[in-house]
Amino acid sequence: MNMHADFSPVETQEPAILIDQVNKQFGAVTAIENLSFHVNRGEIVSFLGRTGAGKSTALNLIMGNMSPTSGRVRVMGMDPNKDFRKLRRTISVGFQTDRLLPWRTAIENVELGLQILHYHKAEIREKAREWLARVNLADAADLYPHELSGGMRQRVSLARALAIDPEILLLDECFSQLDHVTSQTLRSDVSAVIREYRKTCLFITHRIDDAIEMADRILVLGAPARLLLEVSPTPEDRTDRDKFQLLHDKIADALGVDS
Amino acid sequence: MSSNDTTMTRTTASVFNFSSLIKRDRFAGLIVILLIIAALQVASLFAPDYIAPPPLLIAEKLWTQILPLWDEILVTLIRLLVALVFAMVVGTVLGVVMGMLPGLRPYIRSLVVIDTGIPALSWMLIAVFWFKEPEIRIFFIMSVILIPFYALNVFDGIRALPKEWLEMCESFRPSRWQVLRYLILPHIVAYVFTTTRSVIGYATRMVIFAELIASAVGIGAQMGLAQANFDIAAVFAWTLLLVVLNILSQSLVAVLEKRVLSYRPEVEVR
């Protein structure tokens, strides 16, 4: 626990994330229909669904940016919408696009969350350097976003999310804008970091490969968001080509897409 | 490479250099200045001095009568600077309030829009009635004229703030003050500079106008005096000085802008 920051992580025995019979309507449109699932602490869960399946709405509910029409959303036992500020430092988000601030260098972008959480100045710089090094960007600390490649920018963005040492990391399709090779390298690096630091992670994606390779558990969503399938890939599913394909086909079938 | 090839390459290079030279701003500016001087010289041959004084007479006036009045010039520049800084601060605050407090937005926006609809001359006459002290008159006139530019541009800047940046910032659950400090203020700096660059010429004209109406000191008052003495060469000399001061102040703002906004990549459209 960091004694310098003004907020300490929330301590509770409840699941890190709990979605209980949640419905979300936008006027006549149903975005989420009777969705229930939970994410245990230290678990990496992948949220897989086609575009428009309500994945981002579910993410917004968990972030506390909106409240459900009915049902219960809990993050570390708290209502993320009502207890918005209490969940400071508990949740951090890696977005689909890097969202780096152009007037800040790479290291200053990583520092943003730490500054908001009132870490000490020296500690802010130290932590930001540490996380930039962790994502292999120690030499790019003083470069502005426009001087970085797409993959480097996304690494900075993930360093920014991880630097505040959150309990829960929400990753919203954050590798989908990158080319296949960069995406694969970055995904494996981030996966290693999340496991090393035992973070809880909800990883939203529409790529079946990403979900199988990264998650302990995969939740397949239909549209409007409702649970179609829940699977837990084994290590063999990732290493054995046939098993990987079998699981891939099963998920593709549930999604109704061509494998 | 044969000698023919070399000659051709040189010719192409010199044509290219000339074509790029004539496109340069400084070169174009020099040509325009020379044309104006020539036109004035030609006009002075056919018209009396009180209509079109020769350029040499204007230069002589500038050197012998205008530049020694440096204290008058300084007064105008200080008035301009003080009013510009005040309008920048107050206008930015109003723009931020409009951007961040939706409840107050329609009231402040209405006030600003009404202000922009009032002619500068009305403000000048009102100031003469309301205030006795010339400095307060000029400060008031400049402020009410310039504040709306900053308020509206800063408000536009906040409206143009990418929603993605705001969502990213809010994912760390900041206070309102932190959103302002870490996101909104750095974002609107570019808008404040753009506004300053676009209003500085207008502000210079307004301060001269205000001095003509409401003060006995400053460049505007001196120009009024020259007009009263039928000294058109002095009017031309003051005008020349104002153009130079305007170009210098624009350049100063551009240099500051480049330094403060150095993070922005240079984009060149072909």
Side-chain angles (χ1 to χ4, degrees), chain A residues 5-7 56 59-60 62-66 75 80-81 83-106 108-119 142-148 156-157 160-161 163-164 166 168-172 174, chain B residues 88 92 95-96 99-102 153-154 156-197 253-270:
Chain A
D6 64 346
F7 282 80
S56 294
L59 187 81
N60 274 315
I62 295 164
M63 283 167 68
N65 292 340
M66 54 176 75
V75 173
N81 185 254
D83 301 319
F84 190 82
R85 295 258 295 164
K86 283 186 193 165
L87 285 167
R88 263 186 145 189
R89 198 171 165 245
T90 303
I91 303 179
S92 197
V93 188
F95 294 96
Q96 189 170 12
T97 49
D98 56 76
R99 305 188 186 198
L100 299 184
L101 300 177
W103 56 83
R104 286 177 170 245
T105 57
E108 287 166 351
N109 266 289
V110 177
E111 288 172 354
L112 180 71
L114 299 164
Q115 287 170 333
I116 289 174
L117 293 171
H118 297 298
Y119 278 68
D142 298 322
L143 297 181
Y144 283 103
H146 75 268
E147 297 170 306
L148 304 171
V156 176
S157 161
R160 177 180 61 196
I164 65 162
I168 299 168
L169 185 66
L170 305 174
L171 299 179
D172 184 11
C174 59
Chain B
M88 190 187 291
T92 301
V96 169
M100 292 189 75
L101 302 174
N153 281 345
V154 166
D156 267 351
I158 294 175
R159 279 200 303 183
L161 181 77
K163 196 172 167 244
E164 291 191 336
W165 291 354
L166 189 61
E167 281 174 358
M168 178 280 294
C169 192
E170 285 188 336
S171 72
F172 294 111
R173 291 157 201 261
S175 64
R176 228 176 159 74
W177 163 247
Q178 287 177 318
V179 173
L180 181 69
R181 181 179 168 194
Y182 295 123
L183 187 63
I184 292 176
L185 289 181
H187 170 68
I188 60 173
V189 168
Y191 290 83
V192 172
F193 269 110
T194 310
T195 311
T196 305
R197 254 195 319 153
V253 175
V255 168
L256 277 174
E257 185 180 15
K258 203 167 181 182
R259 181 166 284 200
V260 175
L261 305 178
S262 61
Y263 63 84
R264 297 206 295 196
E266 293 279 343
V267 178
E268 205 165 294
V269 180
R270 278 196 295 171

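By convention in this document, chain letters (A, B, ...) are assigned in the order of the sequence lines, proteins followed by strands, and residues within each chain are numbered from 1. Worth knowing before you read on, the calculation uses all heavy atoms, side chains too, and leaves out hydrogens, waters and symmetry mates.
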Non-hydrogen atoms of chain B under 4.5 Å away: do they reach the side chain of [X], the backbone, both or neither?
X         : result
Gln115(A) : both
Arg104(A) : side chain
Thr105(A) : neither
Leu100(A) : backbone
Phe84(A)  : both

Quick one: does Arg99(A)'s side chain have a donor or acceptor within less than 3.5 Å of a partner on Trp165(B)'s backbone? no
Do Leu101(A) and Cys169(B) have side-chain heavy atoms sitting under 4.5 Å apart? no
Could you check whether any side-chain heavy atom of Ile91(A) comes within less than 4.5 Å of a side-chain heavy atom of Arg173(B), counting everything from C-beta outward? yes
Please identify, among Glu167(B), Met168(B), His187(B), the residue contributing the most non-hydrogen atom pairs under 4.5 Å to chain A. Met168(B)
Shortest non-hydrogen contact from Val93(A) to Ser171(B)? CG2-CB, 3.8 Å
Quick check for you: to the nearest 0.5 Å, what is the distance between [X] atom [atom1] and [Y] atom [atom2]?
X         : Y         : atom1 : atom2 : result
Asn65(A)  : Glu170(B) : CG    : CD    : 7.0 Å
Arg88(A)  : Phe172(B) : CZ    : CZ    : 11.0 Å
Trp103(A) : Leu185(B) : CH2   : CG    : 9.5 Å

Around atom CZ of Arg259(B), are there more than 12 heavy atoms of other residues, nucleotides or ligands at under 6.0 Å? no
Sort [X] into side chain, backbone, both or neither according to what part of it lies under 4.5 angstrom from a heavy atom of chain A.
X         : value
Gln178(B) : side chain
Arg264(B) : backbone
Leu261(B) : neither

Between Tyr144(A) and Tyr263(B), what is the ring plane arrangement, given parallel below 30°, perpendicular above 60°, and tilted in between? tilted
